[in-house]
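Shown next, in structure tokens, is the structure this report addresses.
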Amino acid sequence: MSISQASELAQKYIISAAHVLPPELKVDITEHIETRLPAEKADKVKSLLGGNSEVTFSDNKEITVLDHAVLYCSEKLKLDNVSSTITLNPPRHLVKSRHPKRIILCPYSSDTKKDWSIKSFEKLALRLEHNGFEPVFSVLPSDIERLPDSIKQNYLVPVTKSLEELVSLIYESRALIAVDTGSGHLASLTGIPTITIYRKQGNKFRWRPAWGENRIIRPKFQLKFKKHRIWSPFVSTRAVFRELLSLIDK
């Protein structure tokens, strides 16, 4: 995305739920809000500008950040035509799920505490392969060296050097299986079935992927050891594979 394209987006939309924004996405739209909205509604919208926390507008701990935003806009701001639906127009050369057997596996997040064991991902890839699927590992270029040689030698590990390349890879695949990481949100946003392997038990997972067909798999148990929680062994490859079949056979 060029700086001019980013600036155009920043002037057209209020960007919410972003921890760090590049300078080209930071635009003061106070005057625009004041001229377009009634005073009472403008004050409520202006209160969101420059905020550093997520919007919460419900006591329901099981709904997503997206749900909270929709509720806030419709019930608090009283905005018309509030919807969580996003219409995306991919480049013409891309075909959704062009590769119906390709399953993207994303084993690494920004925090190793969130990661399912890489051995489990490798076992899952083998199970997928034996059942006629084409597992493809997707990681940041800086994380490729972390992958075991057995994965790099036996499976495709495409190098995606830009967000555009990553989204294209995901969009033309059948589904994505990931730990709690950004790739799951991208897949969900583009309508690709998504499975997120999440380390915590219970139904509270506010920042989970919220668009399209998506499922969350949690450990059945957790063990506490000193300051650590051991959860990865309690998510089986069989459970993940079963969930995938259930998701894509709908």
Ignoring hydrogens, what is the shortest heavy-atom contact between [X] and [Y]? Give both atom names and the distance.
| X | Y | answer |
| --- | --- | --- |
| S120 | T237 | O-CG2, 3.3 Å |
| I103 | I177 | CG2-CD1, 4.0 Å |
| V240 | I195 | O-CD1, 4.1 Å |
| V70 | S83 | CG2-C, 4.4 Å |
| S138 | I104 | CB-CG2, 3.7 Å |
| A178 | L176 | CB-CD2, 3.5 Å |

Open item on the list: Evaluate Y198 against I217 for side-chain contact (heavy atoms from CB on, under 4.5 Å), listing each step before the verdict.
Closed with: CA-CA 6 Å; Y198 188 53; I217 294 184; over 6 Å; no

Pairwise side-chain contact, [X] with [Y], heavy-atom cut-off 4.5 Å (strictly under):
| X | Y | answer |
| --- | --- | --- |
| W231 | K200 | no |
| V136 | P158 | yes |
| T181 | S110 | no |
| L147 | P107 | yes |

Is [X] reaching over with its side chain to a backbone N or O of [Y], donor-acceptor style, under 3.5 angstrom?
| X | Y | value |
| --- | --- | --- |
| N131 | R127 | yes |
| T160 | S162 | no |
| K96 | G191 | yes |
| W211 | H185 | no |
| Q222 | R199 | yes |
| W116 | V235 | yes |
| S232 | S117 | yes |
| S246 | R242 | no |

- [ ] Identify, with sequence neighbours excluded, every residue that meets side-chain hydrogen bond (donor to acceptor under 3.5 Å, both in side chains) alongside S173.
- [x] R102

- [ ] Apply side-chain hydrogen bond (donor to acceptor under 3.5 Å, both in side chains) to E134 and list each qualifying residue two or more places apart in sequence or on a separate chain.
- [x] none

Task: Under the ring-ring contact (aromatic ring centres under 6.0 Å, His included) test, residues paired with Y108 that sit two or more places apart - done: none

Task: Which residues share a ring-ring contact (aromatic ring centres under 6.0 Å, His included) with F133, sequence neighbours left out - done: none

Open item on the list: Enumerate the salt bridge (charged side-chain N to carboxylate O under 4.0 Å, His left out) contacts for residues 115-126, please, sequence neighbours excluded, ordered by first and then second residue.
Closed with: D115-R146

TODO: Output the distance between atom CZ (R174) and atom CG (L244), rounded to the nearest 0.5 Å.
DONE: 8.5 Å

- [ ] Determine, stepwise, if the pair Y171 / V95 fulfils side-chain contact (heavy atoms from CB on, under 4.5 Å).
- [x] CA-CA 8 Å; Y171 185 73; V95 177; 6.0 Å; no

Task: Step-by-step side-chain contact (heavy atoms from CB on, under 4.5 Å) determination, R215 to T194 - done: CA-CA 6 Å; R215 304 279 176 83; T194 306; over 6 Å; no

Task: All side chain to side chain contact (heavy atoms under 4.5 Å, CB included) counterparts of K161, not counting sequence neighbours - done: V159, E165

Open item on the list: Tell me whether R229 at atom CZ has more than 12 heavy atoms from other residues, nucleotides or ligands lying less than 6.0 Å away.
Closed with: no

Task: K152 bridged to D149 by N-O distance under 4.0 Å - done: yes

Task: Full working for side-chain contact (heavy atoms from CB on, under 4.5 Å) between V167 and T190 - done: CA-CA 8 Å; V167 174; T190 57; 4.0 Å; yes

